[in-house]
Every structure is written in C-alpha cells, then in structure tokens.
2 protein chains.
Amino acid sequence: MTENDKQTEEKIFEAATEVFTERGMDGARMQDIADHAGINKALLHYYYRTKDHLFNAVFEKIAGQMFKKFAPVFDEKLSLEEKIRFFFKEHITFLQKNPRLPGFLLNEINRNPGRIKKLIQQIDVNKLWLILEAQHKDELKKYNITKETMPQLMSSIAAISVFPFAARGILEGIFEKMNINFNDYMEERKGYAADFVIKAIKK
Amino acid sequence: MTENDKQTEEKIFEAATEVFTERGMDGARMQDIADHAGINKALLHYYYRTKDHLFNAVFEKIAGQMFKKFAPVFDEKLSLEEKIRFFFKEHITFLQKNPRLPGFLLNEINRNPGRIKKLIQQIDVNKLWLILEAQHKDELKKYNITKETMPQLMSSIAAISVFPFAARGILEGIFEKMNINFNDYMEERKGYAADFVIKAIKK
DNA sequence: TTTACATTTGACCGTTTGGTTAAACTATAT
DNA sequence: ATATAGTTTAACCAAACGGTCAAATGTAAA
C-alpha cells in the first residue's frame, strides 16, 4: 500500500532519472525506463500520466539540485577567498558524484529554453549582490569585483566548474594520449580553479 | 546535372545542419529536413543513404570547424598575451555567428563519446606543447605555465569561451532581470576573458 | 527523335513509439 | 468470506517514423 506505493513510484523516478540523464528526453524510451524499474510499461502511465509529466518531474528535481549547490556560499561565514575555495570544492565534488547532470541540463535547456526561465525568475540576483557586498564590504576593495562585472565573473566560475563534465568526452579523448585520468584531473581542479580565479580577480 | 546536383546536395546539407543543430540527432525528423530544403523526403535518401549518414556528414563538418578555430593560435607570431587576446576575440566572434554549435556538439558527444575520439586521436598534444615551448621559451618563465598544468589551463580557457553559449538559456534568464543583453555580454567577454586569464597565470 | 542515364516524386511499407484498456491481482476493512 | 479500492499486467491501438520503390521527369549525347 502506501509503503509499497512509495517504493514503486520511487523506483520509477530513479529509473527515469537514469534513462533521461543518459539519453535525453528525445532519446529516452518509456519501455526502457520500465525495464530499468523492473515493471510494466503501463505502470509508468499510472503514476506519471505522460512522458512529459515524468520528464518534468525529473528535470525539475535535477535543476533544483544544481542551483541549490550555488546557494550555501552566501550562508557560510568565510572570507571571499575561502568562499571561492569552498565553492569549487563542494560543487566539483557534487558533480563528481553526478557527472551526467551538466550535459543533461545544458542539452534540455537548449531544447526548451522557456522551461528553465520559470525556475530562474525566482532568484533575486540583485539581492544576492547586496548580500555579498554587505558580507565583504572592506574586503571587496582588494578585488576587481563590481556589480557590473559580476555576470562575467560568476559565469566564468560556473564555466570552469561545469564545463569539464559537459565536455568530458572530448577531454577524455585528449587525456588518453597524455596518460591523464579524468578523475585525477577533476580532483586537482578543485584547487587549481580556486587559485586561478583568486589570482584573476586580485587588484 | 553537376551544377544542379551540387545545388540540391548543398541545400540538403544546409537544411540538415539547421535541423540537427536545433533539435539534435534524436529530435530531428527526416521530413522536417526535407521541408527545410524544399524537396521530397525520398531525395534525402538518394543523396545520403540513411539518417546516420546525413548526421555524420553534418557532425564531422561542425566538429572540424570547431577544432580548427583553436589552431591558428600556434601559427600567429604574437606574444603569449597577444595570443590569448587573439584567441578569445576570434573564437567568441566565431561562436557569435554560430551560437548553437557548442550545445549541439557537447550534447552529441555525450550521446556518443566514441565518435569524437577518432577526430581527437589525430591531434598530437605533445607536439603542440613543444611548439608552444619553443615559441615562448623565455616568455614562459613569467607565467605559471608548465606541461603539467596545461590541461587545467587549456580546459579553463575553452570553458570560459564556450560555456556561455552552451548555457545561453540559463544566462539569458538571469540577465533578463538585470537588463543585460546577451550579445553585449558576449562582446564585453572578449576582453574580460583575456584580462582574466592573463592575470590568473602571471607569476 | 531516340536512347540512355541521372534526378525527383508520390505512394507505400514495416517497425517503433507513446499511450489506452479491460481484466487480473493484492490488501484492507467490514 | 466478501466487498471495495488501489495496484499491476498483457494485449492492443493509432500515429509517427525511417526507409523503399516504381514511375515520372529532366538532360545530354548519338
């Protein structure tokens, strides 16, 4: 009943997450999801009426996870440099555990840019800047950070953290001949990226 | 005729490029490509036997274009800093004219990592480092650049240039509320990115 | 004009796809 | 035990899909 219920619905959701993140919305097959969940295909439609419903459930959960990972930076009582180190360490560690999320998200956002905008509209970027400014008022004078350059800086930080996972196939192809392991590279990147960014923004 | 022949084949290729880059391999429909080219669907199979053939033709051309854009840096007789500025200016300008290529390529590489590896195997990364070292022997002492940190640096440069186009949907969502135009942001990025990287690598 | 060959088309085919349905199964409360 | 309601299944369906084919059209040489 309610116990088993949750089990089945969750099994479906997990199977759908696996298949959708691997093949994308267009490439995913309902039969394949059913097989992964070890159930009948009709049962998918019993819990999630259509493929779209199921996909949206998966997409919104993943997108939410991704964005939440950017938030803790504002809570922590750390210096600016420490925050940057903290972010790269936490974010890359998260992506190491979920290496397919970046590619999946970027692809689905390109396929349907409208969907993500609803989630983004909830973020008050102006407020975020005010918080950051208040937290590091004196500290900020030592860095080339202004409200105007924030978009460039933030997108660069996101790029450095996210891009390697989205472009993993290319990087692994290149690394193969250099005897470099992708996981080692990613582990090293936590520190390299932080040093890189901190040096870049210092006055 | 050979004249008309080229016209038709090219029309198909261009239509296929448009549809494939917009919808991806799985999302693209042969009928849609035929409509875009203004021809019968059977004619697609006359020139390109299968959807796979047509897709591979498009993919390899686009992947080739993308990688070639990284090459001129090694030919130009410029200082290291000038090369970095040259790269971001040229590469971002290219992507401004082809904004869908990054998302398309990253997605298709994730869908089939094996395909790109054949193209990559042709690149001799070790040789590239030797060239760079020879070109900037003395100059390199002023920067934190070694053979060991090259992968981190190069992937960061690529990330800063490519990521905004792949994540355009997210960025535009955020920029909307800040009254920032994506094209203005991209134009500004050519200089910002160069400054950013140069500062990051200076000793 | 006829011949030979390449190009283009509409109609068609078998398969795969997301989705439906009626019946079977399960568990709980009476 | 039996009625009730939720759960699961096998069988099925219509639409969409990539691909085929024979016939029609265009073209250039003999």
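Hydrogens, waters and symmetry mates are skipped; everything else that's a heavy atom, side chains included, is used. Each chain gets a letter, A, B and so on, in the order its sequence line appears, and its residues count up from 1. Just so it is clear, the model here is predicted, and its values are computed rather than measured.
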Spell out, as yes or no, whether a donor-acceptor pair under 3.5 Å connects the side chain of B:Lys51 to the backbone of B:Met25.
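Checked: pair present.
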
Tell me whether A:Gln152 contacts the main-chain N or O of B:Tyr185 through its side chain, where contact means a donor paired with an acceptor under 3.5 Å.
yes

Near B:Lys177 NZ, under 6.0 Å, is it more than 12 heavy atoms from other residues, nucleotides or ligands?
yes

Any chance CE of A:Met150 has more than 12 other-residue heavy atoms, nucleotides or ligands included, within less than 6.0 Å?
yes

Quickly work out the [X] [atom1] to [N] [atom2] distance and round it to whole Å.
{"X": "B:Asp32", "N": "D:dC17", "atom1": "CG", "atom2": "P", "result": "9 Å"}
{"X": "A:His45", "N": "D:dT7", "atom1": "NE2", "atom2": "P", "result": "17 Å"}
{"X": "A:Asp35", "N": "D:dT9", "atom1": "CG", "atom2": "C1'", "result": "14 Å"}
{"X": "A:Leu43", "N": "D:dT8", "atom1": "CG", "atom2": "P", "result": "5 Å"}
{"X": "A:Tyr47", "N": "D:dG6", "atom1": "OH", "atom2": "P", "result": "12 Å"}
{"X": "B:Tyr48", "N": "D:dG18", "atom1": "OH", "atom2": "P", "result": "17 Å"}
{"X": "B:Ile39", "N": "D:dT25", "atom1": "CD1", "atom2": "C1'", "result": "16 Å"}
{"X": "B:Leu44", "N": "D:dG19", "atom1": "CG", "atom2": "P", "result": "10 Å"}

Could you list the residues that satisfy side-chain hydrogen bond (donor to acceptor under 3.5 Å, both in side chains) with A:Gln31, not counting sequence neighbours?
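Expected list: A:Asp35.
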
Could you tell me which residues satisfy side-chain hydrogen bond (donor to acceptor under 3.5 Å, both in side chains) with A:Asp195, sequence neighbours excluded, listed by chain and number?
A:Arg85

What parts of residues 50-62 of chain A reach DNA chain C, counting only heavy atoms under 4.0 Å away?
A:Thr50, A:Lys51

Can you pull every protein N or O that's under 3.5 Å from an N or O on nucleotides 10-13 of chain D?
unit_1 : atom_1 : unit_2  : atom_2 : d
D:dA10 : OP2    : A:Asn40 : ND2    : 3.3
D:dA10 : N7     : A:Asn40 : ND2    : 3.2

Close residues, residues 22-30 of chain B, relative to DNA chain D [heavy-atom separation under 4.0 Å]
B:Ala28, B:Arg29, B:Met30

To the nearest 0.5 Å, what is the distance between CD (A:Glu14) and CD (A:Glu9)?
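These two atoms lie 11.5 Å from each other.
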
In terms of side-chain geometry, is the basic nitrogen of A:Glu22 or B:Arg111 positioned less than 4.0 Å from the acidic oxygen of its partner?
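Here A:Glu22 does not pair with B:Arg111 in a salt bridge, since their nearest N and O are not under 4.0 Å apart.
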
Should A:Lys147 and A:Glu133 count as an ion pair when the cut-off is N to O under 4.0 Å?
no

Within 45° cone of B:Phe88 ring axis and under 6.0 Å: B:Arg189 NZ or CZ
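No, B:Arg189 does not sit over the ring of B:Phe88.
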
Quick one: list whatever passes salt bridge (charged side-chain N to carboxylate O under 4.0 Å, His left out) with B:Glu187, sequence neighbours left out.
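With sequence neighbours excluded, B:Glu187 shows a salt bridge (charged side-chain N to carboxylate O under 4.0 Å, His left out) to B:Lys190, given in chain and number order.
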
side-chain N/O B:Tyr46 vs C:dT9 OP1/OP2, d < 4.0 Å
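No, outside the criterion.
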
